[in-house]
Each structure stands twice: as C-alpha cells, then as structure tokens.
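Here the structure is a predicted model, which is why all the values come from computation and not from measurement.
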Amino acid sequence: MENKTRKLLIVISIVSLICSLVFGMGTTAYAETPNKVTATTSTSLTQGNSGQCYVYIDSLANVSTLNLSIYYDSSKVTITSTYNSVSCSLYDSAINTDSLNYSYIFDGSGEAIQTCLFYFYFTVNDTAEVGNTYFDIVVSDAYDSALNEIEIDGSRTAFTIKEKVVSKTATITGTNYVYTSIEQEFELSYKFSTTEIASG
C-alpha cells in the first residue's frame with residue numbers, strides 16, 4: 001500500500017510539473033511591440049524641388065499627451081508649412097530653423113491603429129549637398145490618462161538629394177541685325193537660309 005501511495009505521489013508530482021511548465025509557458029509575459037512614431041516621404045528629390053512628409057503613430061490607444069520634434073539639416077531642407085491631421089482636444093505646432101515641434105492633448109478616444117498625426121511641406125535648398133539627408137523624430141514625453149509616463153519611440157526617415165541638371169538652350173531668329181546678351185559662357189552656332197554674312 002505504501003508503494004502505491006509513493007507511486008501515486010510521484011505521478012501527481014510529474015503531472016503537476018508538466019502542467020506548471022505548459023501553463024507557465026503560456027502565461028509568460030512577452031514585451032509588446034513598442035509604440036512608435038514614423039514618417040514617410042519621397043525616396044529622392046532634386047535640388048530646388050519640393051516634397052511632402054506624413055508623420056504617423058502606431059497607436060493612439062491610451063495616449064493622453066504627446067510632445068515630439070522633427071529635426072533636419074537646415075542647410076539642405078526648409079520646412080514651408082505644416083497641417084494637423086488627427087482629432088484631438090488641443091494641439092500646438094512651431095516651425096523653427098532646424099526643427100518642427102508638435103504638442104498634443106488627446107480626448108482619450110484614440111484607436112490602436114496606425115494614425116496620421118500631421119504632414120508638412122518642405123523644399124530642398126538649391127545649394128543642398130548631394131547625398132542622403134534625414135528627418136529625425138524625437139518624442140520628448142508622452143503620458144496616459146492617469147498621467148503615467150508611457151514609452152513611444154521616435155525614428156529616422158532618410159531620402160536622397162539629387163543634383164539639379166540644367167539644360168539651357170536659346171533660339172535667335174530674325175532678319176538684318178539681331179542682338180542678344182547671355183551672361184554665361186556658351187556655344188553659338190549659325191544656320192542660314194540665305195547667303196548673307198553673319199558676324200558676332
């Protein structure tokens with residue numbers, strides 16, 4: 001009888017161990033994907049051209065306040081205007097020399113889906129260095145409705161600046177005397193419909 005009891009206890013212990021391993025593995029807490037603010041824009045722009053950039057947050061669920069900045073190289077890019085896209089109780093925006101700042105107070109009805117916060121227009125400077133440049137998104141602080149700080153990550157968005165190639169052509173037509181002035185070095189070719197002499 002004692003052996004049967006001992007065997008039963010061993011079986012119960014083994015079953016308990018297996019259950020704790022199986023159910024314990026099922027309840028292991030894994031870190032959720034962190035909430036993030038990202039941006040999308042053209043992959044490349046030519047010097048002097050304009051572009052648009054859209055800024056998104058992965059989820060607005062449980063976000064009550066949010067303050068973020070987008071930093072950029074002012075020798076390459078100039079932000080010309082910005083527009084809010086998200087429903088909120090209050091927001092404020094400011095375009096500075098090398099940053100765009102947004103502050104939000106939300107009404108607490110945000111959804112757990114990717115949401116466009118705002119978008120902005122920018123111009124690539126005529127003298128911008130050719131190559132890659134960036135919009136760096138930095139979230140300075142974010143809080144939930146209970147005023148607990150929550151983690152929202154920023155990100156970096158890159159695009160390429162291409163060199164502007166200018167093709168200049170000029171056509172001069174006329175009879176008798178034709179005068180023109182071009183302030184750069186150029187090549188001049190003649191095409192005549194008569195045998196008259198041209199000079200210049």
Side-chain angles (χ1 to χ4, degrees), residues 22-125 128-163:
V22 170
F23 293 115
M25 288 171 65
T27 58
T28 302
Y30 293 98
E32 294 181 13
T33 303
N35 202 355
K36 194 171 188 177
V37 178
T38 56
T40 60
T41 189
S42 303
T43 55
S44 66
L45 285 168
T46 303
Q47 293 168 324
N49 283 6
S50 297
Q52 250 179 305
C53 185
Y54 292 86
V55 179
Y56 298 89
I57 187 167
D58 289 343
S59 170
L60 271 177
N62 203 33
V63 179
S64 180
T65 66
L66 175 65
N67 293 306
L68 63 92
S69 299
I70 296 183
Y71 294 95
Y72 55 91
D73 187 340
S74 59
S75 69
K76 298 179 179 180
V77 172
T78 301
I79 292 182
T80 54
S81 58
T82 184
Y83 302 94
N84 179 54
S85 292
V86 68
S87 174
C88 60
S89 300
L90 185 68
Y91 82 92
D92 184 39
S93 65
I95 300 173
N96 301 308
T97 304
D98 62 354
S99 68
L100 169 61
N101 305 316
Y102 262 87
S103 296
Y104 284 103
I105 297 176
F106 294 105
D107 54 15
S109 61
E111 296 184 66
I113 57 172
Q114 189 180 61
T115 305
C116 182
L117 293 171
F118 59 91
Y119 61 96
F120 60 90
Y121 292 93
F122 64 95
T123 302
V124 177
N125 301 336
E129 183 182 352
V130 173
N132 288 341
T133 192
Y134 309 95
F135 291 122
D136 286 319
I137 303 173
V138 176
V139 177
S140 53
D141 56 63
Y143 292 89
D144 63 16
S145 55
L147 296 181
N148 296 312
E149 191 168 3
I150 54 177
E151 182 181 354
I152 300 178
D153 295 335
S155 63
R156 168 176 273 194
T157 299
F159 67 94
T160 303
I161 297 175
K162 293 184 176 180
E163 184 177 8

Original post:
Does the side chain of Phe106 come within less than 4.5 Å of Ser64's, by heavy atoms?
Top reply: no

Original post:
Asp58 and Pro34: which non-hydrogen atoms are nearest, and at how many Å?
Top reply: OD2-O, 4.0 Å

**OP:** Compare all side-chain heavy atoms of Gln114 with those of Thr38 and state whether any distance is below 4.5 angstrom.
**Re:** yes

Subject >> Intermediate values then yes/no, side chain to side chain contact (heavy atoms under 4.5 Å, CB included), Ser155 and Val37 >> reply: CA-CA 6 Å; Ser155 63; Val37 178; 5.6 Å; no

Subject >> Ser103 side-chain N/O to Leu68 backbone N/O, donor-acceptor pair under 3.5 Å >> reply: no

Original post:
Going from CD1 on Ile152 to CD1 on Ile137, what distance comes out if it is rounded to the nearest 0.5 angstrom?
Top reply: 12.0 Å

**OP:** Go through the side-chain N and O atoms of Thr160 and Asn132 and say whether any donor and acceptor fall under 3.5 Å apart.
**Re:** yes

Subject >> Check against side chain to side chain contact (heavy atoms under 4.5 Å, CB included), Phe159 and Ser42 >> reply: CA-CA 7 Å; Phe159 67 94; Ser42 303; 5.8 Å; no

Original post:
Can any side-chain N or O of Asn125 pair as donor or acceptor with the backbone N or O of Ser74 at less than 3.5 Å?
Top reply: yes

**OP:** Check Cys116 against Ser85 and note the closest heavy-atom contact, atom names and distance.
**Re:** O-CB, 3.6 Å

Subject >> Distance, nearest 0.5 Å, that separates CD of Gln52 from OG1 of Thr80 >> reply: 9.5 Å

Original post:
In a check of side-chain contact (heavy atoms from CB on, under 4.5 Å) between Tyr104 and each of Thr65, Val63, Val86, which one passes?
Top reply: Val86

Original post:
Atom OH in Tyr143, atom CG in Asn148: separation rounded to 0.5 Å?
Top reply: 9.5 Å

Subject >> From CA spacing to verdict: side chain to side chain contact (heavy atoms under 4.5 Å, CB included), Ser87, Asp107 >> reply: CA-CA 8 Å; Ser87 174; Asp107 54 15; 4.2 Å; yes

Original post:
Any donor and acceptor pair, going by atom type alone, linking the side chain of Asp73 with main-chain N or O of Ser75 inside 3.5 Å?
Top reply: yes

Subject >> Asn67: which of Asp92, Asp141, Asn101 passes side-chain hydrogen bond (donor to acceptor under 3.5 Å, both in side chains) >> reply: Asp141

Original post:
Just how far is it from atom OH of Tyr56 to atom CD1 of Ile113, taken to the nearest 0.5 Å?
Top reply: 12.0 Å

Original post:
Do Glu129 and Ile161 come close enough that some side-chain heavy atom pair is under 4.5 Å?
Top reply: no

Subject >> Spacing of Tyr121 atom OH and Thr82 atom OG1 [to the nearest 0.5 Å] >> reply: 10.0 Å

Subject >> Pairwise side-chain contact, Leu117 with Tyr102, heavy-atom cut-off 4.5 Å (strictly under) >> reply: no

Original post:
Do Leu100 and Phe118 come within less than 4.5 Å of each other through their side chains, counting heavy atoms only?
Top reply: yes

**OP:** Could you tell me whether the side chain of Ser99 and the main chain of Ser69 form a donor-acceptor pair under 3.5 Å?
**Re:** no

Original post:
Is there side-chain contact between Ile105 and Cys88, with at least one heavy-atom pair below 4.5 Å?
Top reply: no

Subject >> Main-chain N/O of Lys162 paired to Thr46 side chain as donor or acceptor, under 3.5 Å >> reply: no

Subject >> Minimum heavy-atom distance between Thr157 and Ala39, given as atom pair plus value >> reply: OG1-O, 3.1 Å

Original post:
Are the side chain of Thr115 and the backbone of Ile57 linked by a donor-acceptor contact shorter than 3.5 Å?
Top reply: no

Original post:
Between atom OG1 of Thr123 and atom CD of Gln47, what is the distance when rounded to the nearest 0.5 Å?
Top reply: 13.0 Å

Original post:
Angle class for the Phe122/Phe120 ring planes (parallel below 30°, perpendicular above 60°, tilted otherwise)?
Top reply: tilted

Original post:
Step by step, would you call Asn35 with Ile150 a side chain to side chain contact (heavy atoms under 4.5 Å, CB included)?
Top reply: CA-CA 9 Å; Asn35 202 355; Ile150 54 177; 5.9 Å; no

